Amino acid sequence: TGNPVTVNPTNNTTYTVVGSSAANCSAADQVTVTVNPLPIVNAGQDVAICYGESTLLTATGNAASYAWTGYTGNPVTVNPTSSTTYTVVGSSAANCSAADQVTVTVNPLPIVNAGQDVAICAGETTVLTASGNATVYSWTGYAGNPVTVNPTNNTTYTVVGSSAANCSAADQVTVTVNPLPIVNAGQD
């Protein structure tokens with residue numbers, strides 16, 4: 001009833017309008033509303049990265065073009081410093097659009113401490129113990145934590161700590177090897 005009217009068809013629909021004059025004469029006309037489908041837009045699976053890393057976000061589906069909020073093109077490389085949700089809008093050739101989102105979770109790096117630098121005498125050993133909040137520690141060239149080392153000269157050792165989220169950080173400790181003094185008791 002009335003003119004104009006608002007319609008919201010879910011599929012292609014033809015509407016007929018009948019106009020009547022004051023003399024009670026009438027005529028009709030039709031208009032077809034074509035309903036274009038929304039494009040399929042998929043932002044991909046949620047992603048977990050470690051702090052400082054980047055990840056590639058790729059939208060897929062049947063859209064003619066994709067636009068990530070705040071970025072140009074598709075795919076896009078993102079490097080968030082905290083967990084972030086990204087939105088992509090896909091547009092069809094008929095200028096219809098749909099959106100999807102993906103969350104990039106940023107896991108913190110573990111705290112890794114190789115300990116204080118150490119000084120030993122030549123021929124001695126020392127124990128290196130890593131600490132922090134990592135779940136696994138790995139010393140370069142050694143298994144386990146702590147490790148016993150016996151360097152023959154000044155050496156820097158690196159330990160890598162990994163978290164349950166598979167993020168890792170490293171620290172170093174230097175072992176200084178002091179030479180033994182030269183002692184001569186003289187001749188018998």
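This chain uses plain numbering: 1 for the first residue, then up along the sequence. As the structure is a computational prediction, the values presented were derived from the model and not from experiment.
Pairing each heavy atom of D100 with each of G44, the nearest pair is OD2-N, 4.4 Å. Here the closest non-hydrogen pair linking A59 and Y66 is CB-CD2, 3.7 Å. The nearest pair of heavy atoms linking C50 to L109 is CB-CD2, 4.0 Å.
In this structure, N154 contributes its side chain and T176 its backbone to no donor-acceptor pair below 3.5 Å. Within the 3.5 Å criterion, the main-chain N or O of C121 finds no donor-acceptor partner in the side chain of N178. Side chain of T13 to backbone of N11: a donor-acceptor contact under 3.5 angstrom is found. A donor-acceptor contact shorter than 3.5 Å links the side chain of Y137 to the backbone of G132.
Clustering ILVMFWY residues whenever any of their side-chain heavy atoms sit less than 4.5 angstrom apart, transitively, puts I111 in a cluster other than the one holding W139. Both V31 and V5 belong to a single network of hydrophobic side chains, linked directly or stepwise wherever heavy atoms of I, L, V, M, F, W or Y lie under 4.5 Å apart. Following chains of ILVMFWY side-chain contacts shorter than 4.5 Å, one can reach Y71 starting from V41, so the two form part of one hydrophobic cluster.
Residues T77 and T55 form no side-chain contact, since every pair of their non-hydrogen atoms from C-beta on lies 4.5 Å or further apart. Between W68 and P75, the closest side-chain pair of non-hydrogen atoms is not below 4.5 Å. Counting heavy atoms from C-beta outward, V175 and L128 have side chains that approach closer than 4.5 Å. In this structure, N145 and S138 have side chains that are not in contact, with every pair of non-hydrogen atoms separated by 4.5 Å or more.
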Donor-acceptor contacts, no H, no angles, side chain residues 14-27, under 3.5 Å, sequence neighbours left out:
from: T14; atom 1: OG1; to: T32; atom 2: OG1; distance (Å): 3.0
from: T16; atom 1: OG1; to: Q30; atom 2: NE2; distance (Å): 3.1
from: S21; atom 1: OG; to: A23; atom 2: N; distance (Å): 3.3
from: S21; atom 1: OG; to: C25; atom 2: N; distance (Å): 3.1
from: S21; atom 1: OG; to: C25; atom 2: O; distance (Å): 3.4

Inset, instruction - Please step through side chain to side chain contact (heavy atoms under 4.5 Å, CB included) for the pair I120 and V118, ending with a clear verdict. - result: CA-CA 7 Å; I120 62 173; V118 179; 3.9 Å; yes
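Residue N62 holds its CG atom at 9.5 Å from OG1 of T60, rounded to the nearest 0.5 Å.
Counting only residues at least two apart or in different chains, side chain to side chain donor-acceptor pair (under 3.5 Å) contacts with residues 114-133 are absent.
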